[in-house]
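Everything below concerns the one structure shown next.
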Amino acid sequence: MPELPEVETIKRDLEKIILGEKFVKICVHQAGVIRQPSAKLFSQGLVGLRVKNILRRGKLLIFELSNGQALTIHLKMTGQLVYPGGSSKSRVAFYFTGGKILDFNDQRLFGELRLVDRWETLKFVQELGPEPFDLTCRVFQDMLLKKKTAIKPLLLDQKFISGIGNIYAAEILYRAKINPLRSSKTLLQNEVETLFCQTIAVLKMAIKCGGSSVDDYVRVSGENGDYARHHQVYGRQGRPCFVCKNLIQRITQGSRGTYFCPHCQR
DNA sequence: AATGGGACCTGCGCGC
DNA sequence: TGCGCGCAGGTCCCAT
């Protein structure tokens with residue numbers, strides 16, 4: 001699922017392809033993914049505009065446009081942006097000057113595309129927690145002390161911290177040797193420091209690898225990201241921990257899967 | 001206020 | 001072999 005490292009990878013891939021390009025035509029094959037305004041106004045509104053800048057906020061991709069508006073794309077679970085496009089899988093096809101086609105694919109139709117006047121004022125954006133890379137350990141510790149939730153669902157909470165999803169929450173907690181069930185405010189100073197450092201380290205390494213290809217995620221070129229081979233716990237239930245050889249467990253937490261090593265993570 | 005579960009979707013893998 | 005069910009998870013929405 002596209003989390004921060006995957007969306008950042010897509011952002012960087014796209015910068016090389018469509019920065020400065022002008023939309024000449026939009027083909028909406030699945031109107032449901034266009035959340036704002038109507039599919040018709042969305043298409044009409046984009047034609048003639050250039051992509052001035054590409055940003056990422058949490059897991060949201062933002063295309064700043066030449067007239068001051070913005071195209072926002074949330075890939076949710078199965079969204080993809082693929083170039084060159086023009087495939088039959090495409091839910092929306094973006095045509096640019098010079099014949100370039102960018103496809104938005106989305107098997108499960110959870111994705112959300114919007115054309116808005118100001119992306120900063122979207123409710124979703126306003127409620128997002130801080131970017132991990134903008135945090136200091138000290139601020140992170142203060143945030144953790146204000147909550148009493150289990151640490152795993154807290155890391156997944158986009159209002160608490162933005163960009164972390166189910167895969168990286170598992171990998172980060174494993175590397176920090178912290179049990180996902182621990183209440184955030186019971187974490188000791190040194191555990192918070194390790195958690196903070198591992199959060200940054202895992203996300204940075206995952207970006208360097210082009211993200212984790214599990215299920216549908218691919219880079220804009222269609223290639224896989226390479227970080228999945230660094231996964232220590234995600235999807236490894238019943239298999240031995242690489243450190244202690246005890247079996248990785250899968251439990252359900254907040255109605256989604258949590259993978260961890262009960263021996264290494266305390 | 002904070003937490004939990006269901007809804008939104010589709011394809012896949014499993015068990016019968 | 002084939003069918004139906006559960007599961008996958010980002011976010012929203014509602015109930016508790």
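Hydrogens, waters and symmetry mates play no part in the numbers below; they use all other heavy atoms, side chains included. Below, chains carry the letters A, B, ... as their sequence lines are ordered, and counting in each starts from 1.
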Q.
Looking only at the side chain of A:Q107 (C-beta and beyond, no hydrogens), which of the listed nucleotides C:dT11, B:dC9, B:dG11 gets closest?
A. B:dG11
Q.
Any donor-acceptor pair under 3.5 Å linking the side-chain atoms of A:K152 with those of A:N166?
A. yes
**Q.** Residue whose closest nucleotide on DNA chain B lies nearer the 5' end, A:G254 versus A:F110
**A.** A:G254
Q: Check the angle between the aromatic planes of A:F160 and A:F140 and answer parallel, tilted or perpendicular using the 30° and 60° thresholds.
A: tilted
(Q) For a quick test of reading the model: is some side-chain N or O of A:Q158 closer than 4.0 Å to OP1 or OP2 of C:dG10? (A) no
(Q) The side chain of A:K159 is closest to which nucleotide in this list: C:dC12, B:dT3, C:dG10? (A) C:dC12
Q.
With rounding to the closest Å, how many angstrom separate the P atoms on B:dG11 and C:dT1?
A. 22 Å
Q) If pairing requires Watson-Crick or G-U wobble contacts with both distances under 3.5 Å, which nucleotide is the partner of C:dT11? A) B:dA7
Q. In whole angstrom, what separates A:L156's CG from B:dG4's P?
A. 12 Å
Q. Between B:dA1 and C:dT11, how far is it from one P atom to the other, in whole Å?
A. 23 Å
Q: Give A:Y234 one of three labels, base, sugar-phosphate or nothing, depending on what nucleic acid heavy atoms sit under 4.0 Å from its own.
A: sugar-phosphate
Q) With rounding to whole Å, what would you report as the distance between C:dC14 and B:dC9 at their P atoms? A) 16 Å
Q. Counting just side-chain N and O atoms, does A:T149 come under 4.0 Å of either OP1 or OP2 of B:dT3?
A. yes
Q | Distance-only donor-acceptor check, side chains A:S184 and A:K147, under 3.5 Å | A | no
Q) Which atoms form the tightest heavy-atom contact between A:F104 and A:G79, and what is the distance? A) CE1-CA, 4.2 Å
Q) For A:H74 and C:dT11, is the shortest distance between a side-chain N/O and OP1 or OP2 below 4.0 Å? A) yes
Q | Minimum-distance nucleotide (side-chain atoms of A:K148 versus C:dG10, B:dT3, C:dT11) | A | B:dT3
Q: Look at A:K59 and C:dT11 and indicate whether a side-chain polar atom (N or O) is within less than 4.0 Å of OP1 or OP2.
A: yes
